[in-house]
Amino acid sequence: MPSRRGSTREAAVVDTMWVNWWGGQQCRPRRTDRPLDEAGVVAAVRRAAERGLTVRPLGSGRSDSALTLTNDVHVDCSALTGVAAVTSDTVRARAGATIASVQAALAERGRALAPPTHGPLATVAGAIATGTHGGGARIGSLSDQVVGLRLVDGTGRVRKAEDTELDALRTGLGALGVVTEVELRTVPAEQVEAHEEPVVAEEALAVGGPLDTHRFAAVELHLPSGEALLRWAGPVVDREPEPTTGGPVEAIGRVVTRLGHTASAQWSAQRSRPAPRWDGVVTGLPHELLPDPHPVRGGFTEWALPREALAAAIRELGAATAARDREVRRPIEVRTGPAETGWLHPAHGRATAWITVRTHRGDDHGPLFRLVGSVLEGMGGRPHWGGRHDWTAADLAVAYPALSDFLAVRDRFDPDRLFGGDHLEALLGP
């Protein structure tokens with residue numbers, strides 16, 4: 001059994017294996033500190049510095065990136081949970097709180113986080129660090145909602161980030177410190193009705209099409225065949241109830257009709273093709289309806305492209321995978337989002353189309369993901385930091401015009417590179 005040490009402010013596990021949620025990333029840190037409050041984070045960071053060890057902040061492990069891998073010290077903030085305060089239009093959440101728990105706390109007050117992110121079990125701090133987003137052309141990522149942030153920097157000092165520093169921390173990659181608390185904008189909690197329907201891929205992906213016009217929208221696409229399923233949500237529309245012969249329709253927390261059910265039934269024939277999630281039109285809160293309730297464990301790579309390049313990128317990706325006989329077994333997902341201000345956010349400075357390619361657990365994803373990266377990088381793509389990619393500092397220097405600003409903040413916040421690691425050094429340099 002691993003040895004354990006603790007105090008009123010922190011607990012630690014020494015020499016144990018860490019594995020992400022689906023088993024694709026793993027490492028064996030020599031120590032994992034689990035602070036119980038901000039003072040415990042300070043103690044963990046200072047102790048690592050005194051011992052000459054590097055530190056990697058640890059979220060929920062829901063991503064598929066190598067950002068958290070280390071052989072030195074993990075600082076796991078999963079005990080820093082809960083909502084510290086809710087105002088009329090903001091929420092202060094502790095770093096280890098999951099997005100789902102924050103949404104639930106806000107719903108009790110009639111508020112919500114604007115983006116219904118696809119990873120509701122991710123921690124708030126982890127989602128911000130990697131640029132986690134939702135699926136709406138006019139709704140920014142969780143990083144875009146940040147209005148204030150507290151963190152412990154590489155000197156063990158507690159900082160309250162404001163003004164331009166926030167654009168460095170909106171997608172900080174865990175390179176600037178251990179976040180302890182985040183203040184986020186909120187919006188009124190409003191129910192939406194969600195639909196899904198088979199569509200012609202070219203029409204669904206076109207600029208000005210459903211991905212741009214609906215409040216929330218995503219397309220699942222079976223790349224070999226071109227079959228596509230559009231999921232979208234918008235304002236609730238009053239309808240006359242359909243006549244029924246089998247008694248009243250039961251509804252607990254949502255309203256279900258039969259619209260579109262026959263048209264979408266064909267999609268359930270094969271699991272590898274886009275499959276319907278709802279029985280007709282479903283009504284509820286976006287963060288409850290839109291995330292996949294049963295995500296399949298496996299690896300993923302996701303790329304952010306200029307919005308106008310989306311349709312051409314899908315055609316290129318289809319041609320490249322067919323020519324190289326690379327099977328894309330799971331549907332790829334396509335979403336859109338607005339330009340972001342975060343200096344290292346993949347949507348920095350441009351309206352963005354997101355393309356996600358997933359594999360099943362046990363698949364050899366390396367050749368496919370390398371091919372996807374090669375094609376989409378050539379179309380102006382930038383990788384999502386939570387997924388697989390092989391980018392280096394040379395790639396960032398070309399793709400991110402504010403990289404020098406980010407590195408200047410890094411020099412101030414972590415002059416001795418306490419928050420290091422092989423993957424981070426490859427991305428940002430020493």
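Please read these numbers as outputs of a predicted model, since none were measured by experiment. When reading the values below, keep in mind they use all heavy atoms of this one structure, side chains included, and skip hydrogens, waters and symmetry mates. Along the sequence shown, the residues carry numbers beginning at 1.
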(request) Sequence neighbours left out, what passes side chain to side chain contact (heavy atoms under 4.5 Å, CB included) with Ser63? Give chain and number order. (result) Ser65
(message) Within this structure, what is the CZ-CG distance for the pair Arg410 and Asp405, rounded to the nearest 0.5 Å?
(response) 15.0 Å
(request) Name all residues meeting the side chain to side chain contact (heavy atoms under 4.5 Å, CB included) criterion together with Gln26; count only those two or more places apart in sequence or in a different chain, and write none if there are none. (result) Met17, Val19
(request) Indicate the atoms forming the closest heavy-atom contact of Ala161 with Leu169, along with that distance. (result) CB-CD1, 3.2 Å
(message) What I want to find out is whether Arg358 reaches Glu333 closely enough, with some N-O distance under 4.0 Å, to be called a salt bridge.
(response) yes
(request) Ignoring hydrogens and angles, state whether a donor on the side chain of Thr283 or Glu193 is under 3.5 Å from an acceptor on the partner side chain. (result) no
(message) Is the shortest side-chain heavy-atom distance between Val178 and Val45 below 4.5 Å?
(response) yes
(message) Let me confirm one number: the CG-OG1 distance from Leu36 to Thr81, rounded to the nearest 0.5 Å.
(response) 10.0 Å
(request) May I ask you to decide whether Arg94 forms a salt bridge with Glu38, counting only side-chain N to carboxylate O separations under 4.0 Å? (result) no
(request) Indicate yes or no: does Arg273 engage Glu227 in a salt bridge with an N to O separation below 4.0 Å. (result) yes
(message) Has Thr68 got a side-chain atom pairing as donor or acceptor with Ala66's backbone, closer than 3.5 angstrom?
(response) no
(request) Indicate yes or no: at least one non-hydrogen side-chain atom of Thr90 is less than 4.5 angstrom from one of Leu184. (result) no
(message) We want to know whether Trp303 and Thr301 form a side-chain donor-acceptor pair, criterion being a heavy-atom distance below 3.5 angstrom.
(response) yes
(request) Output yes when a side-chain donor or acceptor of Ser143 lies under 3.5 Å from a complementary backbone atom of Ile128, and no otherwise. (result) yes
(message) With heavy-atom distances below 4.5 Å as the criterion, would you say the side chains of Asp153 and Val158 are in contact?
(response) no
(request) Kindly compute the distance separating CD (Gln191) from CD (Glu288), expressed to the nearest 0.5 Å. (result) 8.0 Å
(message) Tell me the closest heavy-atom pair linking Ala84 and Glu181, and the distance in Å.
(response) CB-OE1, 3.7 Å
(request) Identify the heavy atoms of Ile332 and Ile314 that sit nearest to each other, and give their distance. (result) CD1-CD1, 3.6 Å
(request) For residues Pro286 and Pro291, report the shortest heavy-atom separation together with the two atoms involved. (result) O-CD, 3.7 Å
(request) Would you mind checking if Arg170 and Glu340 are paired as a salt bridge, meaning a charged N to carboxylate O distance below 4.0 Å? (result) no
(message) Between Trp385 and Leu344 (side chain of the first, backbone of the second, donor and acceptor by atom type, cut-off under 3.5 Å), is there such a pair?
(response) yes
(message) Could you check whether any side-chain heavy atom of Leu149 comes within less than 4.5 Å of a side-chain heavy atom of Leu151, counting everything from C-beta outward?
(response) yes
(message) Ignoring hydrogens, what is the shortest heavy-atom contact between Arg215 and Val192? Give both atom names and the distance.
(response) NH1-CG1, 3.5 Å
(request) Measure the CG-OG distance between Leu113 and Ser141 for me, rounded to the nearest 0.5 Å. (result) 11.5 Å
(message) Is any side-chain heavy atom of Trp391 closer than 4.5 Å to one of Leu396?
(response) yes
(request) Could you tell me whether a side-chain N or O of Arg56 sits under 3.5 Å from a main-chain N or O of Leu67, the two making a donor and an acceptor? (result) yes
(message) Angle between ring planes, Tyr400 versus His348, binned at 30° and 60°: parallel, tilted or perpendicular?
(response) tilted
(request) State whether Arg330 and Glu220 are salt-bridged, where the test is any N-O pair (Lys NZ or Arg NE/NH1/NH2 against Asp/Glu carboxylate O) under 4.0 Å. (result) no
(message) For Asp363, is there an ion pair with Arg329 - N to carboxylate O distance below 4.0 angstrom?
(response) yes
(request) Give a yes or no on whether a salt bridge exists between Glu196 and Arg277, defined as a side-chain N under 4.0 angstrom from a carboxylate O. (result) no
(message) Tell me whether Arg307 is salt-bridged to Asp212, with the criterion being a basic N under 4.0 Å from an acidic carboxylate O.
(response) yes
(message) Just to verify, which of Val73, Asp33, Thr70 counts as forming a side-chain contact (heavy atoms from CB on, under 4.5 Å) with Val55?
(response) Val73
(request) Mind checking the CG-CG spacing from Leu176 to Leu418? Nearest 0.5 Å is all I need. (result) 12.0 Å
(request) Answer yes or no on whether Arg388 is positioned over the face of Phe300, meaning its NZ or CZ is under 6.0 Å from the six-membered ring centre and within 45° of the axis. (result) no
(message) Testing the basics here: between Leu230 and Pro210, what is the closest heavy-atom pair and its distance to 0.1 Å?
(response) CD2-CB, 3.7 Å
(message) Between Asp167 and Thr341, is there a side-chain donor-acceptor contact under 3.5 Å, judged purely by atom types and distance?
(response) yes
(message) Looking only at the side chains, is there a donor atom on one of Gln25 and Trp18 sitting less than 3.5 Å from an acceptor on the other?
(response) no
(message) Tell me whether Asp411 is salt-bridged to Arg417, with the criterion being a basic N under 4.0 Å from an acidic carboxylate O.
(response) yes
(request) Using a strict cut-off of less than 4.0 Å between a Lys/Arg side-chain nitrogen and an Asp/Glu carboxylate oxygen, indicate whether Arg412 and Glu165 qualify as a salt bridge. (result) yes
(request) Please answer whether the main-chain N or O of Leu305 pairs with a side-chain N or O of Arg382 as donor and acceptor at a distance below 3.5 Å. (result) no
(message) Below 30° counts as parallel, above 60° as perpendicular, anything between as tilted: where do the rings of His384 and His133 land?
(response) tilted
(message) Students often mix this up, so state it plainly: with edges at 30° and 60°, are the rings of Phe369 and His365 parallel, tilted or perpendicular?
(response) parallel
